[in-house]
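Everything numeric in this text was worked out from a predicted model, so none of it was measured.
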Amino acid sequence: DELLGAYVALKSARGAGPDLSEEIKLKAAGRLNDAIQATLSRATTSEDLTANASEKEVSLSGSSDAFQEAPSAALQQGACEKEALRLRVASFLAGALRGRPVKLLRKVDSRRADVAEATLSVQRDLKHMTVSCQDSTITCQLAYIKDIYQVDGDGDEMFPTRVIDKVSAEELELLLRIDCVPPEGKVQSIYIVEASLASRDAFLESLKVLCVRAQKANAA
């Protein structure tokens, strides 16, 4: 029938060697692809598909360039995205190991907070993060970071009024709350203001990767 004929035509075209033009070979591959799609559209159940394959003794796997290229393209795209993420995390980590400038908002009392220029660093063991200013240092384990909140996605109700009051309108979208929850269960909230939207997004993306890595290392 049409499917078997298209398959035979493609095999013959490929076996003809360089004497047959690429255009004819591509047309044969296209014909087979169309025939496969037509067969699949007529088969309404998995039993139909099995019967069609059995009757013709034709394997669809590897029978058409179109069917080989689609999964390959998807795999290539996934590999490219994974490599791009790896490079972004590596770039972030290079800066974080040296120290990244941020603003740290610290509690003074129930109604007031102060703002200090600070340095956020990831330690070389890739297990700890510190936020240091002139007179204090906050340390938390990456494996214990449970949530990171931002005004854009979570709303300003996730931040104490004393913190919101110390941030300018332009800085609101750069404000982050990092919740670290150690085994004893006491939540440690760290409030920082990133330098820019780009640095905020790099921090959020990369810290997620580093936290997962640290959690896996803890579980090993």
Side-chain angles (χ1 to χ4, degrees), residues 61-62 64-106 115-133 136-156 158-159 163 167 170-220:
S61 176
S64 166
D65 288 341
F67 276 79
Q68 293 174 17
E69 289 170 2
S72 176
L75 288 173
Q76 287 178 0
Q77 182 180 359
C80 288
E81 290 175 354
K82 186 175 181 180
E83 177 63 12
L85 173 61
R86 188 189 70 79
L87 292 173
R88 291 196 299 272
V89 173
S91 176
F92 167 85
L93 193 53
L97 288 171
R98 294 191 301 266
R100 306 170 69 252
V102 297
K103 290 182 179 179
L104 174 65
L105 294 104
R106 304 174 298 181
V115 182
E117 297 294 332
T119 300
L120 185 149
S121 305
V122 173
Q123 302 307 300
R124 293 194 176 277
D125 61 5
L126 302 186
K127 294 181 178 180
H128 296 82
M129 181 187 78
T130 62
V131 184
S132 303
C133 56
S136 65
T137 297
I138 300 172
T139 301
C140 73
Q141 288 197 41
L142 294 174
Y144 299 153
I145 293 177
K146 300 302 180 186
D147 290 293
I148 303 178
Y149 300 98
Q150 57 188 110
V151 174
D152 278 359
D154 303 299
D156 57 12
M158 301 304 298
F159 298 83
V163 168
V167 177
E170 293 76 18
E171 291 177 325
L172 271 178
E173 60 186 0
L174 307 177
L175 176 63
L176 299 173
R177 167 184 156 188
I178 306 161
D179 278 2
C180 184
V181 187
E184 58 267 23
K186 185 178 180 180
V187 179
Q188 179 186 30
S189 294
I190 304 170
Y191 300 94
I192 63 170
V193 175
E194 278 285 347
S196 67
L197 284 175
S199 64
R200 180 202 70 179
D201 292 345
F203 176 82
L204 290 170
E205 179 180 57
S206 300
L207 203 69
K208 184 183 295 184
V209 174
L210 294 174
C211 287
V212 169
R213 181 189 184 280
Q215 289 162 5
K216 288 181 178 179
N218 267 13

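Counting heavy atoms from C-beta outward, Leu142 and Lys127 have side chains that stay 4.5 Å or more apart. Counting only heavy atoms from C-beta outward, the side chains of Asp156 and Leu175 never approach each other to under 4.5 Å. When side chains are defined from C-beta on, Gln215 does not count as touching Asn218, because their heavy atoms never get closer than 4.5 Å. No side-chain heavy atom of Met129 sits less than 4.5 Å from a side-chain heavy atom of Leu210. Counting heavy atoms from C-beta on, the side chains of Thr139 and Gln123 never come closer than 4.5 Å. Between Val167 and Lys103, every side-chain heavy-atom pair lies at or beyond the 4.5 Å cut-off. Taking the side chain as every heavy atom from C-beta outward, Ile145 and Cys140 approach each other to under 4.5 Å.
Taking CD of Gln188 as the start and OH of Tyr144 as the end, the distance is 12.5 Å to the nearest 0.5 Å. Atom CD1 in Ile190 sits 8.0 Å away from atom CG in Leu104 (nearest 0.5 Å). Taking OG from Ser199 and CG from Leu204, the interatomic distance works out to 9.5 Å, rounded to the nearest 0.5 Å. A distance of 10.5 Å separates CD1 of Ile138 from OG of Ser189, quoted to the nearest 0.5 Å. Taking CZ of Phe92 as the start and CG of Leu87 as the end, the distance is 15.5 Å to the nearest 0.5 Å.
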**OP:** Go through Arg177 and Val163 one step at a time and tell me if the side-chain contact (heavy atoms from CB on, under 4.5 Å) criterion holds.
**Re:** CA-CA 10 Å; Arg177 167 184 156 188; Val163 168; over 6 Å; no

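Contact between Cys133 and Ala118 at its shortest, heavy atoms only, is CB-CB, 4.1 Å. Closest approach of Asp154 and Ile148 over heavy atoms only: OD2-O, 4.1 Å. Residues Arg98 and Ala94 share a closest heavy-atom pair of NH1-O, 3.3 Å. Among all heavy-atom pairs drawn from Met158 and Tyr149, the shortest one is CE-CE2, 3.4 Å. In terms of heavy-atom proximity, Leu174 sits nearest to Ser196 at CD2-C, 3.4 Å. When all heavy atoms of Ile178 and Phe203 are compared, the closest pair comes out as CD1-CZ, 3.6 Å.
Side chain of Arg200 to main chain of Glu173: a donor-acceptor pair is present (N/O by atom type, distance under 3.5 Å, no hydrogens or angles).
Salt-bridge annotation for Arg100 and Glu194: present, with a side-chain N of the basic residue lying under 4.0 Å from a carboxylate O of the acidic one.
Applying the salt bridge (Lys or Arg N to Asp or Glu O under 4.0 Å) test to every pair with at least one member in residues 206-220, sequence neighbours left out, gives no pairs at all.
Annotation: side-chain hydrogen bond (donor to acceptor under 3.5 Å, both in side chains) contacts of Ser91 (sequence neighbours excluded): none.
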